[in-house]
Amino acid sequence: MKNFLLILTLSVYISSQAQKNEFQTKFEHTKGTETVTYQEGIEFLEKLDRQYDKLKLVTYGTTDIGKPLHLAILDVQQSFDPFAIRQSGRSILLVNNGIHPGEPDGVDASLMLLRNLLQDKKLQPLIHNTVICVIPFYNVDGILNRGKYSRANQNGPAEYGFRGNSRNYDLNRDFIKNDTKNAQTFVSIFREWQPDLFIDNHVSNGADYQYIMTYIAPQKNKLGGELGKYLDTRLVPELKRQMKEAKFEMTPYVNEFATTPDSAGIAGFLETARYSTGYTALFQTIGFMPETHMLKPFAQRVEGTYQFMLSMLTMLQTDGQKIQTLKQQDIENVKTQTDFVLEWQLDKSVSEKIIFKGYEGRMIPSKVTTGKRLFYDRTKPYTKEIPYYNSFIPKTTIQKPQAYIIPQQWESVISRLKLNKVELRQISRDTSVEVEVYYIADYKTSGRAFEGHYLHSDVKLRKEKQTLVFRAGDYIVPCNQAANRYIVETLEPQATDSFFNWNFFDSILQQKEGYSDYVFEDLAEKLLNEKPELRKKLEDQKASDEMVRNNPRAQLDFVYKNSPYYEPSHLRYPVFRIL
């Protein structure tokens, strides 16, 4: 009853005139208790499209469930052409909704935002120099799988979609591997429109606290360049100021170290390239992930999301040209950048004090189990300083090559490079090239499936220079282009979200030929007699490696792997570096 009264007193920021509007949304009609269905949302946008020439609803590609992705484009100049818009100097904001359909706040907020931008003259200055593109439902599959129980921790709406798509993929882990048609279509939209700012609307899980709104911004060190400086010193502080003024004070996403945020502080979220905002950063686009708080009423969460998008439009109104200039500077710089960080780690020696508004948390006896449970006491709010750790330092850094060579048979990788508009050229005739070759010396693999894969990590490499013959039709990937970050972070096997770590090259990890011990013993003896340097190598290995010293089978295998009989392609990473 308390929450229902709260929703009524909020009035969901809807004026009496808006309530009479023929374009009233389901969220408004139900006084902030329900979210639109897929069909209702698309029909609402189609109705706006018919009524207003400044809005166009288009479709792209397809999704795993067979439906296209819709994109609503609000362009006061009615060009609807991303190239022409960029040439005119106007900014582009891309908003993504429903990646997790149980978190529909952005869906309803976006429908009202588009309508209000079309109808409210007071808001229209925000789109004089900005085009806003909205994906109303990204995980169409999950939106259609509607129910009311999958978000057990969430306070409304009455019904909502399911987190996984029709193939049970979490789409916010699919921006590099592109297993789903949803992700492939998103890449087409993103690379065509090349937005200046990107918003991916979410609802949080985790701790309890006083804030309705939290946010994940690109990690400032990882984004780097002029955009990283602007993000840290201007964009984030100004967004926080505006949101506080609008009565939606924000805090960074509550990524706590210990049981409660105040016990050890919170850490910045390192959004690697598998996530939406980590992916967009590879192309010098600042992406934000607003995370409304799951325990706040749905009406408040939608209102907060609406206000966040308004604040972002306000930033583009004032800083749009600056953001475009800084983005272009970073794009030009990345073309000639030589060193790239593949892995980052949190610097626990550096923190800042931030004011945090939480609730006292303590462990109390559980009434369900025989143990204790965490309890946040909302009768005991607090405001205190806590440490915020948001500096990351390089863990693994490489120098980019002049180019990579990818044999044409690795079509699944090549198709993803093409999808992302990476510049490629094919070798015209069989050619011998001296290249740097990686051998996979060691790696770890997850023991449990993760998003359809058994993810690799902690990759160790051995390098050699070899002269290899490449065939007509093999691909060269020059490293002097705007997509350099995407190229390096997918093709270097040590990178967190590399194609190697996502199992695109697992067939090289299996040895295809072998030997019978009793047969190879005679060959091994002959090799050791004929090649004293091999015998010395074996003796040195036995002296330094206890496992080899105490294991005759390992000794024989060592001889085999250092003989001409061992296949050179075993563990050889099939992406080659031209230095």
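If you're wondering where the values come from, they're calculated on a predicted model, not measured in any experiment.
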One thing to verify: whether [Y] and [X] come together as a salt bridge, which I'm taking to mean a side-chain N less than 4.0 angstrom from a carboxylate O.
{"X": "K526", "Y": "E530", "value": "yes"}
{"X": "K542", "Y": "E539", "value": "yes"}
{"X": "D174", "Y": "R274", "value": "no"}
{"X": "R167", "Y": "D179", "value": "no"}
{"X": "K327", "Y": "E226", "value": "no"}
{"X": "D170", "Y": "R163", "value": "yes"}
{"X": "R549", "Y": "D545", "value": "no"}

Can L144 and K67 be said to form a side chain to side chain contact (heavy atoms under 4.5 Å, CB included), step by step? CA-CA 11 Å; L144 294 171; K67 292 183 179 293; 3.9 Å; yes
Begin with the C-alpha distance, continue with both residues' side-chain angles, and end with the deciding distance and a verdict on side chain to side chain contact (heavy atoms under 4.5 Å, CB included) for Q184 and L419. CA-CA 8 Å; Q184 294 164 20; L419 179 65; 4.0 Å; yes
[X] atom [atom1], neighbour heavy-atom count above 12 within 6.0 Å:
{"X": "R429", "atom1": "CZ", "answer": "no"}
{"X": "K444", "atom1": "NZ", "answer": "no"}
{"X": "E546", "atom1": "CD", "answer": "no"}
{"X": "K181", "atom1": "NZ", "answer": "no"}
{"X": "F83", "atom1": "CZ", "answer": "no"}

Are side-chain N/O atoms of [X] and [Y] paired as donor and acceptor at under 3.5 Å?
{"X": "Q408", "Y": "D474", "result": "yes"}
{"X": "S110", "Y": "N97", "result": "yes"}
{"X": "Y515", "Y": "D557", "result": "yes"}
{"X": "T272", "Y": "D497", "result": "yes"}
{"X": "N390", "Y": "K220", "result": "no"}
{"X": "S391", "Y": "D347", "result": "no"}
{"X": "Q324", "Y": "Q328", "result": "no"}

Under the 3.5 angstrom rule, does the side chain of [X] hit a backbone N or O of [Y] as a donor-acceptor pair?
{"X": "D200", "Y": "S276", "value": "no"}
{"X": "Q321", "Y": "G89", "value": "yes"}
{"X": "Y573", "Y": "F505", "value": "no"}

Can you list the steps and then say if K536 with E533 is a salt bridge (charged side-chain N to carboxylate O under 4.0 Å, His left out)? CA-CA 5 Å; K536 183 178 186 306; E533 68 277 10; over 6 Å; no
Please confirm whether the ring centroid of [X] lies under 6.0 Å from the ring centroid of [Y].
{"X": "F186", "Y": "Y60", "answer": "no"}
{"X": "Y279", "Y": "F190", "answer": "yes"}
{"X": "Y560", "Y": "F520", "answer": "yes"}
{"X": "H456", "Y": "F500", "answer": "yes"}
{"X": "F470", "Y": "F576", "answer": "yes"}
{"X": "W410", "Y": "F504", "answer": "no"}

Using a 4.5 Å cut-off on heavy atoms from C-beta on, say whether the side chain of [Y] contacts that of [X].
{"X": "E291", "Y": "I216", "value": "yes"}
{"X": "R90", "Y": "S79", "value": "yes"}
{"X": "I199", "Y": "N96", "value": "no"}
{"X": "N165", "Y": "T63", "value": "no"}
{"X": "W344", "Y": "K395", "value": "no"}
{"X": "P478", "Y": "R425", "value": "yes"}
{"X": "E464", "Y": "Y438", "value": "no"}
{"X": "K400", "Y": "D339", "value": "no"}

Full working for side chain to side chain contact (heavy atoms under 4.5 Å, CB included) between N182 and Y169: CA-CA 10 Å; N182 306 60; Y169 278 98; over 6 Å; no
What do the steps show when you test F283 against Y486 for ring pair (Phe, Tyr, Trp, His ring centres under 6.0 Å), and what is the final call? CA-CA 7 Å; F283 298 96; Y486 175 85; 5.5 Å; yes
Please determine whether ring pair (Phe, Tyr, Trp, His ring centres under 6.0 Å) holds for the pair Y404 and Y475, giving the CA-CA distance in whole Å, both sets of side-chain angles, and the decisive distance to 0.1 Å. CA-CA 8 Å; Y404 294 94; Y475 287 86; over 10 Å; no
Nearest 0.5 Å please: distance from the CG atom of L94 over to the CG atom of L71.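 Answer rounded to 0.5 Å: 7.0 Å.
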Side chain to side chain contact (heavy atoms under 4.5 Å, CB included) evaluation trace for R572 with Q466: CA-CA 11 Å; R572 187 171 69 189; Q466 297 179 4; 3.2 Å; yes
Quick check: closest heavy atoms across Y253 and S204, and the distance to 0.1 Å?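 Taking Y253 first and S204 second, the nearest heavy atoms are CE1-CB, 4.2 Å.
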Minimum heavy-atom distance L579-P401, with the two atoms named: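 Where L579 meets P401 most closely, the heavy atoms are CD2-CB, 4.3 Å.
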Taking the six-membered ring of Y439, is the NZ or CZ of R462 close enough (under 6.0 Å from the centre) and on axis enough (within 45°)?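 R462 over Y439 ring: yes.
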Both conditions, 6.0 Å and 45 degrees, for the charged tip of K177 above the ring of W502: are they met here?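 Because its charged atom sits under 6.0 Å from the ring centre and within 45° of the axis, K177 does stack over W502.
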